[in-house]
2 protein chains.
Amino acid sequence: MFCLFLHDPKEKGMSKCEQCIIKQFNSLKALTNDELVRISKCKTSRTIRKGEILFEEGENINGVYCVKDGICKLSKLSENGKDQIVKMVVKGQLIGQRSLVTEESSNLQATALNDMEVCFIPKSEIMADLQKNSSFSFEVLKEMAHDLKEADDVIVNMAQKSVRQRLAETLVYIHDSFGVNPDGTLSVILSREDFANIVGTATESAIRVLSQFKKEGLISTTGKYIKIENLNGLGRVE
Amino acid sequence: MFCLFLHDPKEKGMSKCEQCIIKQFNSLKALTNDELVRISKCKTSRTIRKGEILFEEGENINGVYCVKDGICKLSKLSENGKDQIVKMVVKGQLIGQRSLVTEESSNLQATALNDMEVCFIPKSEIMADLQKNSSFSFEVLKEMAHDLKEADDVIVNMAQKSVRQRLAETLVYIHDSFGVNPDGTLSVILSREDFANIVGTATESAIRVLSQFKKEGLISTTGKYIKIENLNGLGRVE
DNA sequence: ATTTTAATATGATATATGTCATGTTTTGTT
DNA sequence: AACAAAACATGACATATATCATATTAAAAT
């Protein structure tokens, strides 16, 4: 497929995919060098500020995003007006594979939780690889299978556990999956509203439960910075 | 890969994959005739009685099941001892693709909701096709992408909607996806406990809400048979 | 620096849902 | 047919969580 995008080598972040370290963390690693060179010529880089929307629910994203830096949330608007956060995506991960495969518009909205650097690979360019390069499509398949398992787990938690348990598990999940800053605080910074939208509860409830955790010595907080003081304790929350 | 399974042509249900109509409804339709002939020689047929377990959570299923007849539920045991139903699988669908891809044991349990006829295709036989035949793997990818979208929707519903709404939507979903008997009753017969385990509520609550729906004229019931009397009304339940 | 706005916090109360108890009906078994 | 065992149904009550109100604090804007 012929590349329609002009690329200015001076454009910020216009580095080469084949030399990019980020791809090691996602299914793009399964592409051949030739494929990467071709994609590199076509991709565009983009900076998204904290709070900005990468794409909206129902939008045709027409490609995949590779997150070079930063974190974003994938959420879906419920009929009651609340945004349910379904997944968080960090540096190294891809966004938009599902829509690529199904040829549908996105079922989720992506919003930056802090400043992000992303590369956009147009569908026209990567679709052929997905259909020809079977080790690439197998990698995508593996990631999707992993996401599906995680989604199943979330369903069970939503259905069977209390807000307190879900929030405790969310904190542990963020700790284990996204790590901590040098001072021990969680590296992913979320508002109380975000926590509520992950757990599926009212913002006031999320605030209350976090205050309880603080009183119980399970966590400590300094503004939005949260430090887990008792990881095992959080895991045992009933 | 050499087939280790003996096959007795007299064995019940030992029909040929390449002639089987069922495959049209799932990703096996993307296999070539040669591939189907090879798989057919290796597959085994099995009858599962209502209530029997096809495989358990944590079990290595080592292959995929193709549902020739009947319906089963895929569920996951929560720590509180309740079984959360994550998905229902009917005639024509495959079970076990996810575990095939990830090489993990199953994260779900499969239990027959009525008598079933299934074919089992061993992993050793189909794995190579998944890696070589890209149109097959693309079909599996599409199914997985679809499941993932549905799972996202379930998460949002679980998090943001009332038991009443979730149960109403479940009834509509079963109606639309699995159809009705000649007399208009839902073709999928579930116990009140199953409904509770789909919706993620107590069995008593599911019973109560169904009774309410009945009083409100949204449904009518004769034992386990449920007939939707007002489909639009169910959709408008608050 | 000051003002405005948004985020966090907490109390009071309403409501949905869970739990326990108990009775009835249906289904399966001898 | 008689019995046992599930499944279904419904009441009474407990509890978790939502909602509304109102401070307080932190962040952004001028």
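What you see below is based on every heavy atom in this structure, not just the backbone, and it leaves out hydrogens, waters and symmetry mates. As the structure is a prediction and not an experimental result, all values here were calculated from the model.
Atom CE of B:Met158 is separated from atom P of C:dT17 by 12 Å (rounded to the nearest Å). Atom CG in B:Leu167 sits about 12 Å away from atom P in C:dG18, given to the nearest Å. Atom CG of B:Asp194 is separated from atom P of D:dA6 by 16 Å (rounded to the nearest Å). The CZ atom of B:Arg166 sits 14 Å away from the P atom of C:dA16 (whole-angstrom rounding). What separates CZ of B:Phe213 from C1' of D:dC8 is a distance of 17 Å, to the nearest Å. Protein atom CG of B:Asn80 is 14 Å distant from nucleotide atom P of D:dA16, rounded to whole Å.
Side-chain atoms of B:Ser78 and B:Gln84 form no donor-acceptor pair, as typed in the model, at a separation below 3.5 Å.
The side-chain contact (heavy atoms from CB on, under 4.5 Å) test with B:Leu167 singles out one residue from B:Leu210, B:Leu234, B:Val172, B:Thr201, and that residue is B:Leu210.
Other residues, nucleotides and ligands place no more than 12 heavy atoms under 6.0 Å from the OH atom of B:Tyr225. The environment of A:Lys123 atom NZ is dense: over 12 non-hydrogen atoms of other residues, nucleotides or ligands sit within 6.0 angstrom.
Projected onto DNA chain C by closest heavy-atom contact, B:Ala202 and B:Lys50 fall at different nucleotides, the more 5' of which corresponds to B:Ala202.
The aromatic rings of A:Phe55 and A:Tyr65 sit parallel to each other, their planes meeting at less than 30°, with 60° as the upper class boundary.
Applying the side chain to side chain donor-acceptor pair (under 3.5 Å) criterion to B:Asp176, with sequence neighbours excluded, gives no partner residue.
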List every contact pair, protein side and nucleotides 5-12 of chain C side both N or O, where the distance is under 3.5 Å.
residue, atom, partner, partner atom, Å
C:dT8, OP2, A:Arg192, N, 3.1
C:dA9, OP2, A:Arg192, NE, 3.0
C:dA9, OP2, A:Arg192, NH2, 3.3
C:dT10, OP2, A:Ser211, OG, 3.1
C:dG11, N7, A:Arg208, NH1, 3.0
C:dG11, O6, A:Arg208, NH2, 3.1

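Salt bridge B:Asp152/A:Lys76: absent, no basic N to carboxylate O contact under 4.0 Å. With respect to A:Lys91 and A:Glu117, no salt bridge is recorded, no charged nitrogen being found less than 4.0 Å from a carboxylate O.
A heavy-atom distance below 4.0 Å to DNA chain D is reached by none of the residues of residues 228-238 of chain B.
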